[in-house]
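In what follows, chains are A, B, ... by sequence order, proteins preceding strands, each numbered from 1. Just so it is clear, the model here is predicted, and its values are computed rather than measured.
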Amino acid sequence: MARVSLQNLTKTYAGGYLRAVDGLNVDIADGEFLVLVGPSGCGKSTALRMIAGLEDITDGAVWIGDQFVNDVHPKDRDIAMVFQNYALYPHMSVFDNIAFALQISQMPRSEIDARVREAARILELTDYLKRRPGHLSGGQRQRVAMGRAIVRNPSVFLMDEPLSNLDAKLRVQMRAEIHSLQHRLGVTTIYVTHDQTEAMTMGDRVALLKDGVLQQVDRPTDIYNRPANTFVAAFIGSPTMNLYHAAIDGGPTLKLGSSDIRIPQSVFDARPGLSRYKGKPLIAGIRPEDIGDAATAPQRDPSRELTAKVELFEDLGSDTLVHLGVDAQAAEVRSSDSLDEIKSNDAKGRCIARFTAKSEVAIDQTVTVQLDTERLHFFDAETGEAIWT
Amino acid sequence: MATSKTTDAVAAPVFERSYDTEALAANRRRRRNKARAKKLGLHLILLGLLFVMLYPVIWMVFSSLRPENEIFADLGLIPDTWTLQNYITGWNLFGDKTFGVFFVNSFIICALAIIGNLVACSMAAYAFARLNFRFKWFWFALMLGTIMLPIHAQLIPQYVFFLKIGWVNTILPLVVPKFLATDAFFIFLMVQFMRSLPRELEEAATIDGATYWQRYWRIILPLTMPALATTAVFTFINTYNDFFGQLIYLTEIDKMTVPVALRLFLDPSGGTSSYGGMFAMVLVSIGPVLGFFLASQRLLVRGIATTGFK
């Protein structure tokens, strides 16, 4: 077991022109499960490969335990890696696949046998030890890849999108298995994924990358409830957070298109910095589940309601996703770096709300929705940074 | 939940279908007969062409089974008298040495050439496919360039070189170069094959602690088997059939190989030639190459198909 520390980790290509990973600073505690998440091409796999030693480090440092490992060979870093396509040796049996690293290190045969059987028992692979990977199902191959990692008792697990080749159902199952396995073994784990559900459900902490730059690293609930900027807000959560250009005036009310929404004092208490934005443009965000059908609300409150037209709805059984056309200027998030990319759509903003299954909606119907104003999010209109202090 | 779904059932249109089954069957029969006649005609033409091409071989088979003096006297196919005498004289023509000696010599050279090519070419290919070194692409292009160099252009300098180091009249000039990865075609074949193997396999092995040698030997080589089989088969056929190289380097009779020895049956200076013996031994010498080819045909096709040489 070991802690892993990334200090200003940087990878550039094409003579510094392309920055795949840009000054990444993260400390991963001993036994922690850290998920690196971000859209494709954000540098998360490159960062992982630098930790593994499969990629040269342009700048910065990687520490594993007390060892500075920048120039240490992958095999001496005491890590195990699970690859996206599993990278099982097709010509070897499951036993040999799991035992390969131990055979290379010339461990006595009896101990190899004991260790492989123990790993196989944990992963329920005992009946398949003699088979070749080609004769296994996707889930079983995934388990063999896990077995190959755990059999070595490494200090750190590195996993590069290990579930993305599985079908949806198996993915949910393996997600739980990997999570509980990691919990049981207590091995420090760095897990790369582009799937935010995996990130939210598996990680002790989630690190969100965009264009090689770390946006936020936090516990899943914090990253969901207190996103650092509009990019994080839009990336985490499905459906994505609704973001609008808005303004706050003296009331204090939020001017959202032609609607006025009263903001409770508690919101200002939680965000002292918000009072500075009175009369200035900002971006307001609200998650779909914080927009309810006023008709089914326990208590009507016109000061936090607005009307909208139903454009489309998706009935999920447990609840209904309602696409609404609202009279507000939507803020489309492409980048948190500059105003240029917090672009406005046409004035007619779209909004996705999550209604309970009790609500009755029809296309083209006008509905009144109630916002949970306590759970509004506010961002600077120029930088996209969350407004707190 | 009030939805705006339409639930009106649309009546599916019903099509009246009627066929003249008799006419359809007759039509089908006619089409089938026509196709069959076409196929038959095509086969007859192909068989005819095959016979024309195979005639010299067939003639040789029958000639090897008739007495020596009848071979050129009677140009018909079927012999008047059947005999196996040509096989006996051919096998024992060279005094105390039987023709078997030449087979042994050929097999030794073939075996060494195959081992050499497999070991050396696969190692060179691994280097080109996976390792990084200075001017890699220059060396690769240079290696490929040697394919274009005609063998006759290399022959004299090579001969002079081997003569100077005293290797002429030994099998060394035919075998040692194979251990130095000189067959660029096979290197290229294997490079292409190795490049198609997922890189993650080696990365996984690297993390597992495998050295370059272990990665080559335990991961890459077993997975390159189809390309290795192709190389082995081609090397056998090329070496076994190589007349020219063996002719110039092997001069003593007890070192000669099958193709060189077959030449000894004929005396170009007008002395006695044993055509019957030669025909018989030619047929015997076709055996190994034919057997090897048939046995490895499937591997050969798989190797070529998977290397993208389709």
Side-chain angles (χ1 to χ4, degrees), chain A residues 48-49 51-56 73-92 96-107 133 144-145 148-149 151-152 154 156-158 160 310 312-313 315 317 319-320 355-365, chain B residues 1-8 118 122 125-126 129-134 136-137 190 192-232 298-299 302-303 305-308:
Chain A
L48 192 77
R49 291 169 59 83
I51 301 169
L54 297 173
E55 204 87 54
D56 289 334
H73 192 273
K75 72 173 170 11
D76 301 320
R77 295 189 182 199
D78 200 12
I79 50 163
M81 186 152 168
V82 179
F83 291 84
Q84 183 173 0
N85 61 5
Y86 317 136
L88 301 179
Y89 311 125
H91 57 293
M92 294 183 194
D96 287 333
N97 262 286
I98 298 177
F100 186 75
L102 309 180
Q103 291 167 353
I104 292 284
S105 66
Q106 298 186 326
M107 187 180 272
V144 177
R148 211 163 59 173
V151 79
R152 293 172 49 199
V156 182
F157 283 148
L158 305 175
D160 189 0
V310 176
L312 180 75
F313 65 89
D315 191 351
D319 42 25
T320 309
F355 284 8
T356 59
K358 277 184 285 180
S359 298
E360 292 190 357
V361 286
I363 289 172
D364 284 342
Q365 181 196 340
Chain B
M1 169 164 287
T3 62
S4 45
K5 283 175 200 157
T6 7
T7 48
D8 304 283
L118 289 182
S122 67
Y126 179 66
R130 283 291 196 260
L131 307 187
N132 284 318
F133 49 90
R134 249 170 218 236
K136 176 166 141 177
W137 292 107
M190 288 192 225
Q192 293 303 97
F193 196 90
M194 287 176 187
R195 279 193 189 141
S196 70
L197 300 174
R199 207 169 258 277
E200 284 88 350
L201 289 179
E202 270 193 88
E203 291 178 344
T206 310
I207 291 178
D208 280 346
T211 58
Y212 279 127
W213 174 255
Q214 283 166 323
R215 267 143 62 187
Y216 160 77
W217 184 250
R218 297 196 53 174
I219 309 290
I220 297 298
L221 214 52
L223 295 176
T224 316
M225 210 43 99
L228 295 179
T230 310
T231 302
R298 207 143 42 107
L299 280 174
R302 197 159 62 118
T306 46
T307 39

Just list the side-chain donor-acceptor pairs under 3.5 Å for residues 99-107 of chain A, sequence neighbours left out, or say none.
residue	atom	partner	partner atom	Å
Gln103(A)	OE1	Arg218(B)	NH2	2.8
Gln103(A)	NE2	Asp96(A)	OD1	3.3
Ser105(A)	OG	Ala101(A)	O	3.4
Ser105(A)	OG	Leu102(A)	O	2.9

(Q) Is the shortest side-chain heavy-atom distance between Thr206(B) and His73(A) below 4.5 Å? (A) yes

Q.
Is any side-chain heavy atom of Ile207(B) closer than 4.5 Å to one of Arg152(A)?
A. yes

Q. What distance do Leu201(B) atom CG and Tyr86(A) atom OH have between them, rounded to the nearest 0.5 Å?
A. 14.0 Å

Q.
Applying salt bridge (charged side-chain N to carboxylate O under 4.0 Å, His left out), can you list everything that pairs with Glu203(B), at least two apart in sequence or on another chain?
A. Arg49(A)

**Q.** Segment of Tyr89(A) engaging chain B (4.5 angstrom heavy-atom cut-off)
**A.** both

Q: Give, as side chain, backbone, both or neither, the part of Leu88(A) having an atom under 4.5 angstrom from any heavy atom of chain B.
A: backbone

**Q.** Minimum heavy-atom distance His91(A)-Leu223(B), with the two atoms named
**A.** ND1-CD2, 3.4 Å

Q: Against chain B, work out which of Pro90(A), Ala149(A), Ala145(A) has the most heavy-atom pairs shorter than 4.5 Å and name it.
A: Pro90(A)

